[in-house]
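Here is the structure we will look at.
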There are 2 protein chains.
Amino acid sequence: MTKLDETDRKIIRALQREGRLSNQDLSQRVNLSPSPCLRRVRNLERAGVIDGYAAIVDQEAYGLPVTVFLQVRLDRHSQENVTAFETAVAGIDEIMECYLMAGDRDYLLRVVVASLADYEEFIRRRIHKIPGIASLDSSFAFGVVKRSQVLPG
Amino acid sequence: MTKLDETDRKIIRALQREGRLSNQDLSQRVNLSPSPCLRRVRNLERAGVIDGYAAIVDQEAYGLPVTVFLQVRLDRHSQENVTAFETAVAGIDEIMECYLMAGDRDYLLRVVVASLADYEEFIRRRIHKIPGIASLDSSFAFGVVKRSQVLPG
DNA sequence: ATTATTCCTGGCAGAATCTACCAATATTGT
DNA sequence: ACAATATTGGTAGATTCTGCCAGGAATAAT
C-alpha cells in the first residue's frame, strides 16, 4: 500500500462509524461508483489498514459491568519474563487491551469482569500465576464517559 | 430484552470476531436457519446489546502511531466542572476513550495522535482550554501487546 | 392430563446486494 | 507530447437479504 488519499480516508471514517454499510451506500457517501469503492475497501483490507470488523457490544447489557485498569511491573526485564507475561496476556479473555508503557509501570491492561468478586478471582487465578511480576496496581472505573471507534484526522 | 440465551451469546461472540459475517454464515455457525438468526440479531441490535459495528483500523497504518494515557484530576467536583469536562471530551476527536475513575485520579483518557509534537499541541490547545482541571499526568505507550474486541464469558 | 397461549423455528420469494470483468478515462513519469 | 500505469464506471450473473407465513416446541393455566 503506497499511501492513503482523501477518498481512502473517507471510506475508513465511514466504516469506522458504520462497519456494516453496504458497498452501495458507502460508495455514495464517498462520491464513487460501487466498483472502485469496493476495490478500495478490499485494498485497504489486504494492506491491513482495515484490520477487520467487529460488533460493538454493550458491556453492561452483556453482563460485564466492571472495568478495571491494571498496571503491572515485572521484576526483571529478562526476555523470559517478558515473553512469559505477553503470551499469558494473549490467552486471558478478560484482558481486552494490553499496552507496553514508558515510565515505571511496564504494562497497562484493561480488564473486564462481571463483579468485584470475579475480579479478585481473576487476579488470583490468572495474574498471580504469571511468573516475574513485581507489582500490581488496580484502578476501578465507575463508568464510561466516551468511547469512540473513529480515529481522528 | 429479557435475557441472553446461549444462542444469543454465540451470535454476539461471532459478530465481535467478524462483524461483517453474512447472515447465512452466521446462522450456520450458531446452528440456526437464516431467518431466526436474523431476527435474533435484529433484537440484539434493538435492545442495544449490539450497539453498532465498526471497522477496526490499524492506527499506525493510518498514520497515528502515538498512544498516550492521560490521567486528569479536576479541582472541585462541582457539577459545572464535571459537565464542562465531559462535554469537552465528547467533542475532542483525539480522545478515543474516557473513563470516570475511582481513586484520586478522576478520569483516564486514551489519546491518539500522530507525533509527540502533536501531543503537545493537543494538550495546549484542547486540554488546557478546559476549565477546572487540577492536574494532568501523561503516560506514553510504546506499543500494543493485545487488543481484543471479544468480551469474555 | 389437557388445553391454550406464546414464542421460536424454518422455508419461501421478491428485492436488494455483491463482485468479477470490461472498456474508457484519468494520472503519472519521461 | 507520449507511453505506461492506475483508476474509474457500467453491466450482469450469482449471492444474499429479509418480511411473511405456517408448523412445532415449550410453558402455563385449568
Side-chain angles (χ1 to χ4, degrees), chain A residues 1-64 114 149-153, chain B residues 1-64 114 149-153:
Chain A
M1 195 101 204
T2 49
K3 216 178 164 191
L4 305 178
D5 65 12
E6 190 46 34
T7 306
D8 290 324
R9 286 172 180 275
K10 274 199 223 164
I11 288 174
I12 290 168
R13 256 176 267 142
L15 289 177
Q16 283 178 318
R17 266 186 273 271
E18 295 180 58
R20 291 202 72 144
L21 264 181
S22 76
N23 185 56
Q24 295 202 160
D25 290 354
L26 178 61
S27 66
Q28 280 177 233
R29 285 188 211 197
V30 302
N31 300 322
L32 228 56
S33 70
S35 19
C37 183
L38 182 65
R39 211 141 359 114
R40 278 168 180 269
V41 172
R42 292 289 176 266
N43 283 341
L44 291 167
E45 289 168 355
R46 237 176 291 123
V49 181
I50 294 177
D51 208 45
Y53 300 86
I56 307 306
V57 175
D58 183 308
Q59 274 183 37
E60 301 213 9
Y62 191 71
L64 297 168
Q149 300 294 330
V150 184
L151 292 167
Chain B
M1 195 97 202
T2 49
K3 216 178 162 190
L4 305 178
D5 65 11
E6 190 48 33
T7 306
D8 290 324
R9 288 174 177 272
K10 273 199 221 165
I11 289 174
I12 290 168
R13 257 176 266 142
L15 288 177
Q16 283 178 319
R17 268 186 272 268
E18 294 180 57
R20 291 201 72 144
L21 265 181
S22 76
N23 184 55
Q24 295 204 161
D25 289 354
L26 177 61
S27 66
Q28 280 179 233
R29 286 187 210 197
V30 302
N31 300 323
L32 228 55
S33 71
S35 25
C37 183
L38 182 64
R39 208 137 5 110
R40 279 168 180 270
V41 172
R42 291 289 176 267
N43 283 341
L44 291 166
E45 289 167 356
R46 237 177 290 125
V49 181
I50 293 178
D51 208 47
Y53 300 86
I56 305 307
V57 175
D58 183 308
Q59 275 184 37
E60 300 213 10
Y62 190 69
L64 297 168
Q149 301 295 330
V150 184
L151 292 168

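A note on names: the letters A, B, ... follow the listed sequences, proteins ahead of strands, and every chain is numbered from 1.
- Between A/Arg20 and A/Leu32, the residue anchored closer to the 5' end of DNA chain D is A/Leu32, taking for each the nucleotide with the nearest heavy atom.
- Distance, B/Leu38 CG to C/dC8 C1': 14 Å, rounded to whole Å.
- OP1 or OP2 of D/dT8 lies within a sub-4.0 Å distance of a side-chain N or O belonging to A/Arg40.
- Regarding A/Gln24, its CD atom lies at a distance of 5 Å from the P atom of C/dT17, rounded to whole Å.
- Using a 4.0 Å heavy-atom cutoff across all strands shown, A/Ser22 reaches sugar-phosphate atoms only and no base atom.
- At whole-Å resolution of the value, CG in B/Leu21 and P in D/dC17 are 10 Å apart.
- Defined by atom type and a distance below 3.5 Å, a donor-acceptor pair is present between the side-chain atoms of A/Asn43 and A/Arg46.
- Donor-acceptor pairing under 3.5 Å, judged by distance alone, is present between the side chain of A/Ser35 and the base of D/dG10.
- Across the protein-nucleic acid pair, A/Gln28 atom CD and C/dC18 atom P stand 11 Å apart, rounded to whole Å.
- A/Arg40 places none of its side-chain heavy atoms less than 4.5 Å from the side chain of A/Val30.
- Look at CD on A/Glu6: it is 16 Å from P on C/dT27, rounded to the nearest Å.
- Checking B/Thr7 against A/Arg42, the closest nucleotide of DNA chain C that is more toward the 5' end is the one next to B/Thr7.
- Atom CG of B/Asn23 and atom P of C/dC18 are 14 Å apart (whole Å).
- The backbone N or O of A/Pro34 lies less than 3.5 Å from a partner atom in the side chain of A/Asn23, making a donor-acceptor pair.
- Nearest nucleotide to the A/Ser33 side chain, out of D/dG9, C/dG11, C/dT19: D/dG9.
- For the side chain to side chain contact (heavy atoms under 4.5 Å, CB included) with B/Val57, the lone residue among A/Val150, A/Asp51, A/Ile12 that qualifies is A/Ile12.
- Spacing between atom CG of A/Asp25 and atom C1' of D/dC17 amounts to 14 Å, rounded to whole angstrom units.
- With rounding to whole Å, A/Leu26 atom CG is found 13 Å from D/dT8 atom P.
- B/Arg39 comes within 4.0 angstrom of a nucleotide base, judged by non-hydrogen atoms across all strands.
- Counting only heavy atoms from C-beta outward, the side chains of B/Arg17 and B/Arg29 never approach each other to under 4.5 Å.
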